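Atoms within a ligand are numbered from 1 in the order they appear, just like the ligands themselves. Everything numeric here is computed off the predicted structure, so don't read it as measured data.
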Amino acid sequence: MTKNIVVVAGGGGFIGGHLVKRLLELGTCHVRAVDIKPLKDWYQVSTAAENFAGPADGDARDFRVCRTICHGASDVYQLAADMGGMGFIENNKALCMLSVLTNTHMLLASQEAGVKRFFFSSSACVYNADKQLNPHVTALAEADAYPALPEDGYGWEKLFSERMCRHFREDFGIQTRIARFHNVYGPEGTWRGGREKAPAAVCRKVIAAKASGDHSIEIWGDGTQTRSFMYIDDCVEGIGKIMDSKIYEPVNLGSSELVTINQLVDIAEEIAGIKLKRHYKLDAPRGVAGRNSDNTKIRSYLGWEPSISLKQGIAATYRWIEEEFRKECDPADAKSLATSGFSHGSKPIPGDGYVAESRHMDTWRQGIPVGYGAGG
Ligand code: GKE
């Protein structure tokens, strides 16, 4: 019996890598994993999948690539995006918005190929910033995305692409499903280099402090800012449930366990068995003051919501990063891994992020496919 073809765009990344593995474990479909990164840089490689890797075969910003990977497919999971934690999205707003090329071309190619279901990975960054001014935040319900005032760059692109998914469903009939991810973390994710999010960054810094013997930690902001963090296994389970559901409009996929960044550091310290001196970097990217996920809608539709506790998830994540650190880092590097850097495209940049001469740098080229518009 021929199996349905299922495409995972962004399959070489954090969430995509776990999703490819889960789909293969289910054994009901043929999986195509697609990512712009060369195969050697994929976070996880599943040899049982049909892997499309690198700028030529795996760049889903390129319509030609999208047509090839969507041909004959029944389901598409569109998770490909230029993204990262606050250190990246605050310093690369134009690159984050250029992910619109990927979402547009993947929707067009899916429509053309007769794809039945299209899953789009949106984000809590679509939410109105004026509703996230207080650490004691009221959990965000789906309607709080309007009136629109999302996170600059990344949030606007996600909100726009949500609308495009909706209108492709309404006008062209493709079954779209949209989940707003609330800060996903776990093993096999980004933990250094400038794109990492807070859970991985904090684990790395505690591990580095322990390894270097310098028992201090640099924390962005004043540590009172709040978030909810969702463990990867809940995320992958939620993606499957939402794709199989009748939830047409965007829905939160996130934990409702609200913590301060100081409490996140407490948890990592407890796992490490050390207490660190805290230095607060007030000029570092902080994002909103408070953010949490209101799970009323997902519970009402699915009778389910993410439930893996932060303590449990951070314990697994800490162990995995500790192992990576041991494998990849010389203890002498520990000091350099005790601080988080910012990046412009993939170029590290100094200090507060702004570089006057960036006008002349070719960072913008990183936002478009090789040969884009060639022959024009
Ligand atoms: N990345 C990072 N690295 N954040 C730190 C660090 C550090 O070393 N130290 C403290 N923080 C603080 C940040 O200043 C921010 O206030 C909080 O942790 C969470 O930062 P984050 O994990 O980078 O990202 P945010 O939750 O603010 O925003 C992310 O939300 C996701 C959706 O929930 C976005 O960057 C996207 O990754 C995504 O939209």
Side-chain angles (χ1 to χ4, degrees), residues 13-15 79 81-93 95-96 99 121-127 129 132-133 135 137 139-140 145 150-159 161-162 179-186 189-209 216-231 235 250 252-256 258-268 276 278-293 306 310 314 317 321 337-343 353:
F14 169 39
I15 302 172
L79 289 86
D82 211 346
M83 71 89 64
M86 285 317 285
F88 181 83
I89 70 170
E90 274 213 2
N91 291 300
N92 298 278
K93 294 169 182 165
L95 287 181
C96 288
S99 292
S121 57
S122 186
S123 161
C125 272
V126 301
Y127 282 111
Q132 304 172 82
L133 299 173
V137 66
L140 297 160
E151 175 77 34
D152 231 359
Y154 184 75
W156 280 103
E157 192 283 321
K158 288 292 188 186
L159 194 61
S161 292
E162 283 188 3
R180 291 174 179 162
F181 295 163
H182 287 247
N183 210 310
V184 188
Y185 74 99
T190 309
W191 60 283
R192 60 176 172 162
R195 289 179 185 253
E196 68 277 3
K197 292 180 285 195
V202 166
C203 287
R204 185 199 75 234
K205 290 177 179 181
V206 172
I207 291 162
S216 68
I217 185 167
E218 170 214 83
I219 299 171
W220 294 358
D222 62 10
T224 66
Q225 66 267 45
T226 59
R227 299 286 186 277
S228 72
F229 299 106
M230 174 174 58
Y231 191 63
C235 180
N252 279 328
L253 183 54
S255 160
S256 56
L258 187 70
V259 292
T260 65
I261 297 303
N262 275 329
Q263 288 167 327
L264 175 66
V265 177
D266 293 343
I267 293 172
L276 303 175
R278 300 180 181 191
H279 302 290
Y280 295 99
K281 195 170 169 49
L282 301 181
D283 63 349
R286 189 207 62 165
V288 295
R291 176 180 287 161
N292 194 9
S293 180
L310 188 59
I314 291 291
T317 307
I321 294 175
L337 289 163
T339 56
S340 291
F342 316 133
S343 61

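- Protein residues with a heavy atom under 4.0 Å from ligand 1 are Met83, Gly84, Gly85, Met86, Ile89, Ser123, Ala124, Cys125, Tyr154, Phe181, His182, Asn183, Glu196, Lys197, Ala198, Ala201, Lys205, Trp220, Gln225, Arg227, Ile261, Pro285, Arg286, Arg291, Ser340.
- In terms of the side chain to side chain donor-acceptor pair (under 3.5 Å) criterion, Ser123 has no residue partners (sequence neighbours excluded).
- The closest donor-acceptor contact from the side chain of Gln225 to the backbone of Arg286 lies at 3.5 Å or more, if one exists at all.
- For the pair Ala198 and Ile261, the tightest heavy-atom approach, listed with the atom from each and the gap, is CB-CD1, 4.5 Å.
- Salt bridge absent: Glu151 and Lys158 never bring a charged side-chain N and a carboxylate O closer than 4.0 Å.
- For Ser99, there are no side chain to side chain donor-acceptor pair (under 3.5 Å) partners, not counting sequence neighbours.
- The side chain to side chain donor-acceptor pair (under 3.5 Å) test applied to Asp266 returns Arg278, not counting sequence neighbours.
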